[in-house]
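This report refers to the structure that appears directly beneath it.
Numbering of residues begins at 1 and proceeds along the displayed sequence. Computed from a predicted model, the values in this text were never measured in an experiment.
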Amino acid sequence: MTAKIISQDLLEFLGKSTSPYHTVATSADILESSGFMELKAGETWNLQVGGTYYIRIYDSSLIAFHISGIPRAGLRIAAAHTDFPCLKIKPAASISMHGYGKVNVEVYGGMIRSSWLDRPLSVAGKVVLRGENPFHPVIKLVDARRPVMTIPNLAIHMNRQINEGIELNPQKDMLPLMTMTGEKKNEEFFLDFLSSEFSCEKKDILSYELTIYPTETGCRMGLKNEFISSPRLDNLTSVKACLTGIIEGKREDGIDVIALFDNEEVGSSTKQGAGSFVLPHVLQRVYTALGFTAEDYLVDIACGFMLSLDVAHAMHPNVPEKNDITNFPVLNGGVTLKIAASQAYAGDAEAIAVVTALCQDENIPFQYFVNRSDIKGGSTLGSILSANLPIRTMDIGVPILAMHSARETMGIKDQEAMENLLCKFFS
């Protein structure tokens, strides 16, 4: 496919994936339309060679795999994360004050707070309703898909120093305005909203996990339409590439796996995060269901290879000095190999060589990112995941600008390069 078609597919995926739960639901729809069968964690698996399967992990993570010809001909894994920096809504969320109805929220991940101000915002996630059995409540995915709140800036007349920089307190300055309550306080207007908007009885709402997201959709832009501007490029670009790779690049022999984890932005140490043992456990179940031994599994881990996909920092056109002096990826420069002596990114010389050779064989453009030696930089799930699953791993990603902003920027050719690499990796 051309970069234009791939970019349009990405924008459509971004528009549907307004929370980690919706990312997983959208990914499951894509997989099922390509013949993947859903498995349940609480059931015994009957797997067949040639089969394609997926399993949802607590609704916000997903693992999919394809078993082909000779399963032990090689294990290949690609991992990414489904979450993104955002605001999440607290319990007892309604705040009535001076006639204004505000929503009590907390910051999730390392977001650029100022980028969220003055934007039309909506709500997506899941609402949990009372069921017949307390241990089996009813789960309802919800997405308002319309602007219902905003976080207004303070006018420059009331803060003459605003252009000199301002610290936004997450408990005071980041509370979204949702409604006018009038003189009579309404301490349940947010629950009233959930009940009416999503057709559920207020008395049945037991809990919720809800993400606030910008309603402005992504778009192509630039003189030659060479850029994509959108929320959630970090890290849904990688999720989309993993899905494309495992669907289009099925090998004749081996086991191919994609693992899409939640909670990377807050450290991955959750039951559905890359810091858990969920992926090793799933792989063990696959090998057991196919009749292989624990020794077979450990041998294949030692001989396997994993790609950890997460976005990289593109060189900023106005602040180029923030990048390394010789390793600085640019937009539309291709797949970025992320390297860190600290092992904040997973990888070693052999892993770099493997990915470099794959790119060279297919004429896929690639580049390197290494932090300036005096800047710590970020990290991702590659090193965390490979510590629990000791498999050779390489961190890669598409380069973007304004990482962790409410709206980020990338080059359209980079998604094409990344998806081509994942197809090659799984073929």
Is it the case that [X] and [Y] place a side-chain donor and acceptor less than 3.5 Å from each other?
| X | Y | answer |
| --- | --- | --- |
| Tyr345 | Asp310 | no |
| Asn169 | Glu167 | no |
| Asp262 | Tyr58 | no |
| Arg407 | Ser115 | no |

Task: side chain to side chain contact (heavy atoms under 4.5 Å, CB included) assessment of Leu421 paired with Val355 - done: CA-CA 9 Å; Leu421 174 58; Val355 177; 4.2 Å; yes
Task: Passing candidate, side-chain contact (heavy atoms from CB on, under 4.5 Å) with Asn327, options Ile339, Asn371, Val370, Leu337 - done: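 Among Ile339, Asn371, Val370, Leu337, the one meeting side-chain contact (heavy atoms from CB on, under 4.5 Å) with Asn327 is Val370.
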Check [X] against [Y] and note the closest heavy-atom contact, atom names and distance.
| X | Y | value |
| --- | --- | --- |
| Ile228 | Ser7 | CD1-CB, 3.7 Å |
| Ile246 | Phe65 | CD1-CA, 4.0 Å |
| Glu264 | Thr380 | OE2-CA, 3.2 Å |
| Ser268 | Leu381 | OG-CB, 4.3 Å |
| Ile151 | Met174 | CD1-O, 3.6 Å |
| Gln415 | Thr237 | NE2-O, 3.0 Å |

Task: With sequence neighbours excluded, residues passing side-chain hydrogen bond (donor to acceptor under 3.5 Å, both in side chains) with Glu106 - done: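 Scan of Glu106 (side-chain hydrogen bond (donor to acceptor under 3.5 Å, both in side chains), adjacent residues dropped) gives none.
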Are there more than 12 heavy atoms of other residues, nucleotides or ligands under 6.0 Å from atom [atom1] of [X]?
| X | atom1 | value |
| --- | --- | --- |
| Ile325 | CD1 | no |
| Glu295 | CD | no |
| Glu252 | CD | no |

Open item on the list: Here's a test for you: under ring pair (Phe, Tyr, Trp, His ring centres under 6.0 Å), which of Tyr21, Phe193, Phe190 qualifies with Tyr208?
Closed with: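 Exactly one pass, corresponding to Phe190.
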Under a 3.5 Å distance rule, please check whether [X] uses its side chain to pair with a backbone N or O of [Y] as donor and acceptor.
| X | Y | answer |
| --- | --- | --- |
| Arg220 | Lys4 | no |
| Glu362 | Lys424 | no |
| Arg251 | Ile255 | yes |
| Ser308 | Ala79 | no |
| Arg119 | Pro214 | no |
| Thr244 | Ala241 | no |
| Asp234 | His404 | no |
| Lys338 | Val311 | yes |
| Thr150 | Pro120 | no |
| Gln367 | Val330 | yes |

Spacing of [atom1] belonging to [X] relative to [atom2] belonging to [Y], to within rounding of 0.5 Å:
| X | Y | atom1 | atom2 | result |
| --- | --- | --- | --- | --- |
| Leu283 | Thr288 | CG | OG1 | 10.5 Å |
| Thr52 | Ile247 | OG1 | CD1 | 9.5 Å |
| Arg56 | Leu39 | CZ | CG | 11.5 Å |
| Ser61 | His81 | OG | NE2 | 11.5 Å |
| Asp414 | Phe227 | CG | CZ | 10.0 Å |
| Met418 | Ile364 | CE | CD1 | 9.5 Å |

TODO: With side chain to side chain contact (heavy atoms under 4.5 Å, CB included) as the test, would you mind laying out the steps for Leu47 and Ile67 before giving the verdict?
DONE: CA-CA 9 Å; Leu47 307 181; Ile67 307 164; 4.1 Å; yes
TODO: Answer yes when Glu12 and Lys240 have at least one side-chain N-carboxylate O distance shorter than 4.0 Å, and no when they do not.
DONE: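 Looking at Glu12 and Lys240, the cut-off is not met.
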- [ ] Determine, for Arg72 against Asp296, whether the closest basic-nitrogen to carboxylate-oxygen distance falls under 4.0 angstrom.
- [x]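 Result for this pair is yes, salt bridge flagged.
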Are any of the side-chain heavy atoms of [X] and [Y] separated by less than 4.5 Å?
| X | Y | answer |
| --- | --- | --- |
| Val398 | Lys413 | no |
| Phe261 | Leu385 | yes |
| Lys102 | Phe189 | no |
| Trp116 | Cys86 | yes |
| Val354 | Ile352 | no |
| Tyr53 | Gln48 | yes |
| Asp143 | His22 | yes |
| Leu210 | Val142 | yes |

Open item on the list: Could you work out, with side chain to side chain contact (heavy atoms under 4.5 Å, CB included) as the rule, every residue matching Thr26, not counting sequence neighbours?
Closed with: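 So Thr26 forms a side chain to side chain contact (heavy atoms under 4.5 Å, CB included) with Phe13, Lys16, Ser17, Ile30.
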TODO: With side chain to side chain contact (heavy atoms under 4.5 Å, CB included) as the test, would you mind laying out the steps for Ile6 and Asp9 before giving the verdict?
DONE: CA-CA 5 Å; Ile6 289 173; Asp9 288 347; 5.6 Å; no
- [ ] Begin from the C-alpha positions of Arg372 and Asp374 and carry the test salt bridge (Lys or Arg N to Asp or Glu O under 4.0 Å) through to its verdict.
- [x] CA-CA 5 Å; Arg372 271 182 61 111; Asp374 55 356; 2.6 Å; yes
Open item on the list: Does the plane of the ring in His313 sit parallel, tilted or perpendicular to the ring in Phe369? Use 30° and 60° as the thresholds.
Closed with: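 His313 and Phe369: tilted rings.
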- [ ] Please state whether the rings of Tyr368 and Phe366 are parallel, tilted or perpendicular, taking 30° and 60° as the class boundaries.
- [x]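 The arrangement is perpendicular - the two ring planes meet at more than 60°.
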- [ ] Please confirm whether Lys140 makes a cation-pi placement over Phe198, using NZ or CZ under 6.0 Å from the six-membered ring centre and within 45° of the ring normal.
- [x]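 No - Lys140 does not lie over the ring of Phe198 by the 6.0 Å and 45° rule.
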Task: Leu117/Leu168 under side chain to side chain contact (heavy atoms under 4.5 Å, CB included): CA gap, chis, key distance, verdict - done: CA-CA 10 Å; Leu117 302 184; Leu168 297 170; 3.9 Å; yes
